[in-house]
Amino acid sequence: MELIITEKNNAARRIAEILSGGSATTTQRNGVNVYEWGLTTCVGLSGHVVGVDFPEEYSDWRDVEPVELIDADIVKSPTQENIVRTLRQLAREADEATIATDYDREGELIGKEAYELIREETDAPVKRVRFSSITEREVKSAFDEPDDIDFDLAAAGEARQVIDLVWGAALTRFLSLSARQLGQDFISVGRVQSPTLKLIVDREREIQAFDPEDYWELFADLAKDGETFEAQYFYDDDGSEAERVWDEADADEAHERLREATSAEVTSVRRRTRTDNPPAPFNTTAFISAAGSLGYSAQRAMSIAEELYTTGYITYPRTDNTVYPEDLDPEELLDEFTMTHEFGDDAESLLERDEIEPTEGDDETTDHPPIHPTGAVPDRDELDEDEWEVYELVVRRFFATVAEAATWEHLRVVAAANGCQLKATGKRLLEAGYHDVYPYSSASESFLPPVEEGDALDVTDVELEAKQTQPPRRYGQSRLIQQMEDMGIGTKATRHNVIEKLYDRGYIESDPPRPTSLAEAVVEAAEEFADLVVSEDMTAQLEADMSAIANGEATLDDVTAESREMLDRVFEELRDSREDIGDHLQESLKADRRLGPCPESDHDLLVRQSRQGSYFVGCDGFPECRYTLPLPSTGEPLVLEEACEEHGLNHVKMLAGRDTFVHGCPQCKADEADDTEDEVIGLCPDCGDEHEGNLAIKKLRSGSRLVGCTRYPDCDYSLPLPRRGDIEITDEYCDDHDLPELVVHSGDDPWELGCPICNYQEYQARQAVDDLEDLDGVGPATAERLETAGVSEPADLRDVDPDVLATEIQGVSSSQIRDWISQLPEVDPGDDDDDDPDDTVSGSEDGEIMDDIRAEVEEVESD
DNA sequence: GCAAGGTC
């Protein structure tokens with residue numbers, strides 16, 4: 001048997017298809033896809049299936065001095081057990097193996113890892129094939145002339161693994177231990193993340209150090225035949241045009257002159273035609289940037305792209321390439337879109353061009369094509385809204401790259417008024433070109449009426465505007481990724497993850513990202529003692545060393561030994577400063593959680609976490625001062641810059657994905673709750689008859705509101721209410737529950753919430769439908785059809801016969817339904833509740849609200 | 001529980 005190994009499952013499937021002429025069959029071994037035809041078997045890895053780490057005895061951070069890691073052994077162990085097991089099994093049956101991983105350094109290393117696993121099972125010959133795109137021609141010719149594994153190139157990759165692990169782990173442990181930050185909130189550093197963080201911190205330093213300067217600008221409205229346009233004052237500053245006036249007296253003088261002017265004479269009119277070329281094909285960075293201007297974070301854009309890739313609608317989203325490969329036929333691809341409702345007209349019009357010559361970017365690599373749509377076009381309702389928007393972006397970008405250039409007419413008018421010069425510019429789109437199919441980049445026109453030299457214009461509405469120079473702007477996520485690419489750090493597949501990691505580690509917050517005090521302290525400590533790790537030079541040096549290894553000019557051992565010596569010297573420096581660094585880091589950690597003065601002691605209030613994991617506000621003077629305030633139970637608290645004027649406490653925002661909200665000043669929220677009387681609206685359905693409990697609208701000190709029983713905590717019946725808006729209790733009563741209908745007033749549109757019990761039941765029903773969409777391959781449309789067929793929540797699928805249901809729902813196969821059923825969580829045998837409506841709203845099923853109430857009465861845990 | 005690099 002001949003065994004072929006690829007880097008990922010998708011590549012395995014396509015190579016099997018090509019080499020077998022479509023006859024390959026798919027089976028599963030240990031849950032891993034295996035493709036077979038004739039005497040050949042093909043299996044895909046999932047990138048690296050083994051990882052590097054230190055031996056077991058180094059795993060307890062407190063038992064090991066970080067410096068010991070420098071010379072510790074490094075061992076490789078499987079990280080993808082099932083794939084490794086499958087590979088071993090297949091190797092035992094193989095007479096010959098071929099490594100067909102990606103054609104790049106990391107691919108060579110992944111191939112060598114597979115080789116070593118195979119060698120542990122068999123002495124069969126192992127070959128290597130290289131091809132830069134998975135096309136029939138390239139793949140077949142690569143397999144006709146197999147080569148050998150390039151062990152030097154793989155060793156270059158191993159050097160990177162070793163150096164990254166040793167530096168990253170030793171310094172991360174050093175900082176974490178010195179600040180006594182173990183467990184979840186360790187303090188990390190690394191070759192890629194730390195220079196990226198320094199970029200953000202440096203920009204923040206520039207912003208902090210910025211000293212704004214005053215200047216003035218003047219504007220006047222000019223009119224010809226009643227058509228008005230705005231012009232700006234400018235003057236000659238050493239031969240170049242300047243609009244900003246730096247001296248107030250000069251500005252006042254110009255203002256006076258313009259106000260006295262009754263007319264302006266046009267002294268020059270210049271018309272120019274400009275070509276606006278269509279954009280280059282998408283690589284990862286350009287894609288993230290374009291998706292960013294549609295409001296997607298880098299992480300979100302990439303995860304949607306990966307989803308679209310695995311479902312087969314777009315090509316591989318991790319690529320540096322901006323030049324379409326030769327085997328891409330743009331006309332053929334356009335043809336696939338002509339029959340679609342959304343893109344048909346645009347595709348037709350592009351096909352009418354005489355000659356289609358796609359644009360090209362500067363970067364050409366051969367591992368993967370630029371991101372473009374495959375010929376498979378999804379129906380709109382197969383994708384959710386975000387997926388569709390991103391898919392459309394990729395389709396339209398492809399369209400743009402095969403569309404014509406746009407042309408603009410730029411018009412510039414200069415006029416003189418009472419010795420002052422005024423100018424106005426306008427632009428008009430002459431040929432929309434690619435903008436017709438790619439409506440994302442700005443194509444906005446600015447209007448100027450047709451004026452001629454010598455025309456006399458009316459001057460009206462002269463304005464003097466006082467302004468200040470602005471500090472540099474913070475980097476946005478896509479700008480950061482661009483900057484990382486320019487600096488040569490990270491890869492197309494990791495840059496967006498690095499940004500996400502900085503958020504997770506508490507180094508940056510908000511968007512655009514702003515560094516925390518902790519981030520500043522970490523960068524300061526690194527700058528002082530381990531400058532290399534916050535510098536892009538470390539990567540540059542590593543790249544040079546890796547090239548040397550790949551060329552045979554150096555060995556893995558040379559390079560890693562030298563790197564270890566450098567790190568030894570760093571630790572020499574660090575040795576005496578351990579405590580200072582730790583204190584500084586701890587101070588910064590506290591600063592990020594500090595809200596302001598405690599009303600009962602001379603200390604500050606801090607955001608703290610109870611032993612159970614819930615957040616609250618507590619005094620830094622604990623245990624002497626036991627003052628506390630509750631926080632909402634949803635999300636992670638973030639201390640905002642804005643502070644409450646009354647209490648001097650910073651506002652708190654609760655980060656909870658889609659449900660993120662600003663809580664505000666926790667003292668104000670608690671006071672409001674204390675000052676608000678409970679409003680009784682009816683009898684409690686749980687204990688009203690028996691104990692005369694009433695339902696009341698309650699405001700909690702944590703800021704949330706609910707309808708709850710007045711006998712709490714003896715009765716914990718409750719219903720949720722929105723956090724915001726005034727609640728009006730109307731005279732209308734619900735027939736079913738004998739409760740008043742409620743109306744929430746916030747913003748312009750009042751929201752008729754209705755009976756709180758009915759409302760909660762409807763809410764739960766909606767949640768159930770939303771849960772349906774969490775199943776793979778269920779979009780909004782399918783969820784709706786499922787609901788009509790009686791499946792209103794995922795658990796309902798357990799009770800259906802897939803074959804029967806498939807006949808009831810259009811476009812859904814019984815095997816798809818079986819797949820959904822296989823995604824359902826394990827059934828808890830005790831959970832056979834019937835659908836008693838009142839049962840669904842009682843205590844245990846409503847953790848969030850009950851947590852809020854408990855937070856009020858619970859004695860807060862000490863540190 | 002550390003990094004960065006693959007991929008899902």
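So that the names make sense, note that chain A is the first sequence line, chain B the second, and so on, each numbered from 1.
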B:dC8 base / A:N9 side chain donor-acceptor hit below 3.5 Å:
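When only heavy-atom distances are counted, A:N9 does not reach the base of B:dC8 through any donor-acceptor pair under 3.5 Å.
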
Could you tell me whether the side chain of A:T310 has a donor or acceptor atom within less than 3.5 Å of a complementary atom in the base of B:dC8?
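Such a pair does not exist between side chain and base.
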
[X] [atom1] to [N] [atom2]: how many Å, rounded?
X	N	atom1	atom2	value
A:D53	B:dG5	CG	C1'	15 Å
A:E306	B:dC8	CD	P	9 Å
A:R318	B:dT7	CZ	C1'	5 Å
A:L69	B:dG1	CG	C1'	13 Å
A:R180	B:dG1	CZ	C1'	19 Å
A:L45	B:dC8	CG	P	10 Å
A:M484	B:dA3	CE	C1'	13 Å
A:E113	B:dT7	CD	P	12 Å

Shortest side-chain distance from [X], nucleotide among [options]:
X	options	result
A:K8	B:dT7, B:dG1, B:dC2	B:dT7
A:Y309	B:dC8, B:dC2, B:dG6	B:dC8
A:Y316	B:dT7, B:dA4, B:dC2	B:dT7
A:L182	B:dG1, B:dT7, B:dG6	B:dG1
A:D102	B:dG5, B:dA3, B:dT7	B:dT7
A:H48	B:dG5, B:dA4, B:dC2	B:dG5
A:R160	B:dA3, B:dA4, B:dG6	B:dA4

Here's a test of your reading of the structure: between A:V49 and A:V189, which maps to the more 5' nucleotide of DNA chain B?
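Closest to the 5' end, via its nearest nucleotide, is A:V189.
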
Along DNA chain B (nearest heavy atom to each residue), the more 5'-positioned of A:A170 and A:V50
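Looking at the nearest nucleotide for each, A:A170 comes out on the 5' side.
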
Under 4.0 Å, counting only non-hydrogen atoms across every strand here, what does [X] touch: a base, just sugar-phosphate, or nothing?
X	answer
A:D60	base
A:R191	sugar-phosphate
A:Q161	base
A:R495	nothing
A:G490	sugar-phosphate

For [N] and [X] - does any side-chain N or O of the residue sit under 4.0 Å from the phosphate oxygens OP1/OP2?
X	N	answer
A:R62	B:dG1	no
A:Q80	B:dT7	no
A:K492	B:dG6	no
A:Q184	B:dG1	no
A:S188	B:dA3	yes
A:S176	B:dG1	no
A:T494	B:dA4	no

Is [X] salt-bridged to [Y], going by a charged N under 4.0 Å from an acidic O?
X	Y	answer
A:R105	A:E543	yes
A:D147	A:K127	no
A:R318	A:E306	yes
A:E36	A:R29	no
A:R160	A:D545	no
A:K112	A:E116	yes

With a cut-off of 6.0 Å (strictly less than), are more than 12 heavy atoms of other residues, nucleotides or ligands near CD of A:E562?
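Open: at most 12 neighbouring heavy atoms sit under 6.0 Å from CD of A:E562.
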
Using the six-membered ring for Trp and the full ring for Phe, Tyr or His, decide whether A:W167 stacks on the six-membered base ring of B:dA3 (centres under 5.5 Å, planes under 30°).
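So no, this residue does not stack on that base, at least one cut-off failing.
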
